[in-house]
2 protein chains.
Amino acid sequence: MKIAVLGTGVVGQTLAEKLISLDHQVWIGTRDVTETLNREAFKNWHLQNHKVQLGTFAEVVGGAELIFNAVQGAVAVLTLDSCSKSDFDDKIIIDVSNPLDFSKGFPPSLIDGLSNTHSLGEEIQGVLPNAKVVKTLNTMWCELMVNPHLVNNGQHTNFICGNDANAKETVVGLLQSFGWKKENILDLGDIENARGTEATLLIWIRIYGARKSGAFQFNIVQ
Amino acid sequence: MKIAVLGTGVVGQTLAEKLISLDHQVWIGTRDVTETLNREAFKNWHLQNHKVQLGTFAEVVGGAELIFNAVQGAVAVLTLDSCSKSDFDDKIIIDVSNPLDFSKGFPPSLIDGLSNTHSLGEEIQGVLPNAKVVKTLNTMWCELMVNPHLVNNGQHTNFICGNDANAKETVVGLLQSFGWKKENILDLGDIENARGTEATLLIWIRIYGARKSGAFQFNIVQ
């Protein structure tokens, strides 16, 4: 599949690398291509992952069949606004971002206006009403998104929500190719449920603080 | 121990019943004793649990060595305000409540002003600065609070936070008497971390909605 990954940070890199290993065609999107290529860390990563093509957000979205949103939550809407909105029509956007506000240090809170009674997932769906926003993978360390076997033999829970049932089914298929077992993907319903999964970051970040490691996951047991 | 349980609802009843079974002296507190005794459901429960004594919030707090707050989050501060504040001095308050706002139906949100950058746990600690507020057990169905073995052979996680290390140690001991294994009680730090555990309700309530059962738990795996 032709897949665009928005965001050149660790999350975007991790997703792009996995998608390439699964033989997808992958474009990674950034605000400013020259600036990104001048960043030492990105340049080194790109040398080792040269199959990943680089473009502006607008360019990579235009050519993609499916889009991952992996930019920082604080700039997600701005990022999508920099693209042609019709380029998202009928496409699946897998939103793995979280509206974290680091302005007051650690632990971050959620961005004012994007918590409790609203969410970034809903905001993105509102900005792009013709896209199929699927929120998933946002409640874990990025290594576990694409390598779920790294903790507890892969026995832990990934939440998914979104308004379009077929889009969620496609995403579940992609997650299975990442190593997720179907029975560990919990469908919460429509995109409003992003209020729940994004709020999970408020406990995630504190468990991370207590354990000094992101190598843990929520396993819903019964 | 002489223990006061504030709140005559299902959570308060469940806690009181367990504490009696462990040979504690238990008082359950309510706003209006006569009114509570006229409620059919409470009357029936009390007939079967006659060792639990009933009193006003102020009365039961006055005589207690340790206090459980199990009233609805929306009335928690009002409840504590109806007592003599000095009666809480140096006492442990185990706060199991959540600031849920059901005014717009299901799923509830958190009460405005008590989410994200603040929490009910912190609010209670602020109102009663000489008490030792310990937030715990608030991320699960009440049956599991006192019978952790009911799911996954007791292998799942209970969060705890509070400013006083000795108070938390006492509470961990009480939780062990409920059946909790010490290694499954995760200390997140001071009471500010209630922002994380209370936010967990926003996902809890949605998992409950998807599963139609409260018999599940978060197990942090690594």
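Chain letters run A, B, ... following the sequence lines, proteins first, then strands; residues in each count from 1.
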### Query
CD of A/Gln176: more than 12 outside heavy atoms within 6.0 angstrom?
yes
### Query
Around atom CG of B/Asp112, are there more than 12 heavy atoms of other residues, nucleotides or ligands at under 6.0 Å?
no
### Query
So what's closer than 4.5 Å to chain A heavy atoms on B/Leu110: side chain, backbone, both or neither?
both
### Heavy-atom contact with chain A under 4.5 Å, split by part of B/Asp101
neither
### Query
What's the verdict on side-chain contact (heavy atoms from CB on, under 4.5 Å) for B/Ile203 and A/Asn193, showing C-alpha distance, side-chain angles and the deciding distance?
CA-CA 8 Å; B/Ile203 185 84; A/Asn193 292 286; over 6 Å; no
### Query
By a 4.5 Å heavy-atom criterion (distance strictly below it), what part of B/Leu201 contacts chain A: side chain, backbone, both, or neither?
neither
## Note on the structure
The interface call for A/Thr197 against chain B, heavy-atom contacts under 4.5 Å, is both
### Query
With a 4.5 Å heavy-atom cut-off, do B/Val221 and A/Phe216 have their side chains touching?
no
### Task
Specify which of B/Glu192, B/Lys104, B/Gln217 makes the most heavy-atom pairs with chain A at under 4.5 Å.
B/Gln217
### Message
Only pairs of heavy atoms separated by less than 4.5 Å count here; which of A/Gly196, A/Ala210, A/Gly209 has the most with chain B?
### Response
A/Gly196
### Message
So, taking the atom named CD1 in A/Ile220 and the one named CD1 in B/Ile207, what distance separates them when rounded to the nearest 0.5 Å?
### Response
3.5 Å
### Message
Heavy-atom cut-off 4.5 Å, strictly under: side chain, backbone, both or neither for A/Leu186 against chain B?
### Response
side chain
## Note on the structure
Turns out that what part of B/Glu198 lies under 4.5 Å from chain A's heavy atoms comes down to neither
### Query
What option among A/Thr117, A/Asn152, A/Val151 has the most heavy-atom pairs under 4.5 Å with chain B?
A/Asn152
### Query
Roughly how far, to the nearest 0.5 Å, is CG of A/Leu202 from OG1 of B/Thr200?
8.0 Å
### Message
Is it the case that over 12 heavy atoms from other parts of the model lie below 6.0 angstrom from the CG atom of A/Asn153?
### Response
no
### Query
Would you find more than 12 non-hydrogen atoms of other residues, nucleotides or ligands less than 6.0 Å from B/Glu169 atom CD?
no
### Task
Enter the distance from A/Gln222:CD to B/Ser213:OG here, rounded to the nearest 0.5 Å.
7.5 Å
### Query
Do other residues, nucleotides or ligands put more than 12 heavy atoms under 6.0 Å from A/Glu143 CD?
yes
